[in-house]
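Here the structure is laid out as structure tokens; the discussion comes afterwards.
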Amino acid sequence: IGIRKKKALKMVSKVKVSIILPVFNEGKNITSQIDAIEKSVDFAHEVFIVYDFDEDDTIPVAKKLQKSFKNIKLVKNIFGRGVIAAVKTGFEKAQGEYLVVMPADLADNPYTINKMYKKISQGYDIVCATRYGKGGAKIGGGKIHLGATSMDIEDNADAVRIKESLTILENRLKTLLKGFSKKIDQ
């Protein structure tokens, strides 16, 4: 899951968050995923189910879901095939002030979006939930297997303020450039 502020909004939207779900034959998972989102997210949101091809088995299930949930939008990928192109399509179509991308395979907990939104409300510029941080793990889909054991743990929401991040990035970039200029001079 990732969240970022959408750049230039031409109109004020009541939708706070646009959730983008790239899909590839998620017909068996999409109902559970949408139910989990609708039960978990505590504020106005829209959900974009972005698919690549007309034969995707997600489409008929999503069309049924649209009858119950007016905030669901089924969108064909306009930038080619694949997850990155689907995310780009979702960004293009989204009306929310903030954007969240998450898989449709039940691998992430939608409740984390509330934690992320809280961080944004506290003034953070970028919030990223990760299963790779302390205490994080994949909670749905397949499990993480370590030998004979497996674990399911909630996602973490980490946040950064742009100014702090840019300072760190700037220092790293300066260090890299110093090393690069030394190599050129030699």
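Inspection of the Glu46 and Ser18 side chains reveals an N or O donor paired with an N or O acceptor under 3.5 Å. For the 3.5 Å distance criterion, the side chains of Glu38 and Asn71 qualify, holding a donor opposite an acceptor.
Looking only at distances, a side-chain donor or acceptor of Asp56 sits under 3.5 Å from a matching main-chain atom of Asn25. Using modelled atom types, one side-chain atom of Asp52 and one backbone atom of Gly82 make a donor-acceptor pair closer than 3.5 Å.
Atom NZ of Lys76 sits in a crowded spot, with more than 12 heavy atoms from other residues, nucleotides or ligands closer than 6.0 Å. Residue-environment remark: CD1 (Ile78) exceeds the threshold of 12 foreign heavy atoms within 6.0 Å.
Using a 4.5 Å heavy-atom threshold, the side chains of Leu99 and Val17 count as separate. Within the 4.5 Å cutoff, the side chain of Tyr117 has no heavy atoms near those of the Asn114 side chain. A heavy-atom distance below 4.5 Å is not found between the side chains of Leu21 and Phe48. For the pair Ile49/Ile72, a side-chain contact is recorded, criterion being any heavy-atom separation below 4.5 Å from C-beta on. At a threshold of 4.5 Å between non-hydrogen side-chain atoms, the residues Asn109 and Thr112 count as touching. For the pair Asn77/Tyr51, no side-chain contact is recorded, criterion being any heavy-atom separation below 4.5 Å from C-beta on. Proximity of Tyr98 to Ile19: side-chain heavy atoms (C-beta onward) are nowhere separated by under 4.5 Å. At least one side-chain heavy atom of Phe24 sits under 4.5 Å from a side-chain heavy atom of Phe53.
Here the straight-line distance linking atom CD1 of Ile30 with atom CG of Leu65 works out to 7.0 Å at 0.5 Å rounding. We find the CE-CG distance between Met102 and Asp105 to be 9.0 Å, quoted to the nearest 0.5 Å. Atom CG of residue Leu106 and atom OG1 of residue Thr31 lie 10.0 Å apart, to the nearest 0.5 angstrom.
Considering every non-hydrogen atom in both Asp57 and Glu26, the closest pair reads OD1-N, 3.3 Å. The two residues Lys70 and Lys67 have their closest heavy-atom pair at NZ-O, 3.4 Å. Shortest non-hydrogen contact noted between Pro22 and Ile20 is CD-O, 3.4 Å. Pairing each heavy atom of Val61 with each of Gly27, the nearest pair is CG2-O, 3.7 Å.
Cation-pi check for Lys88 over Phe79 is met; the charged atom lies under 6.0 angstrom from the ring centroid and within 45 degrees of its normal.
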Subject >> Val50 vs Lys73, side chain to side chain contact (heavy atoms under 4.5 Å, CB included): CA-CA, chis, key distance, verdict >> reply: CA-CA 8 Å; Val50 185; Lys73 291 152 176 69; over 6 Å; no

**OP:** Please test Met116 against Lys119 for side chain to side chain contact (heavy atoms under 4.5 Å, CB included), starting from the C-alpha separation and ending with a verdict.
**Re:** CA-CA 5 Å; Met116 296 168 73; Lys119 292 283 188 186; 5.7 Å; no

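The residue from Asp108, Val127, Val41 that alone fulfils the side-chain contact (heavy atoms from CB on, under 4.5 Å) condition with Ile113 is Val41.
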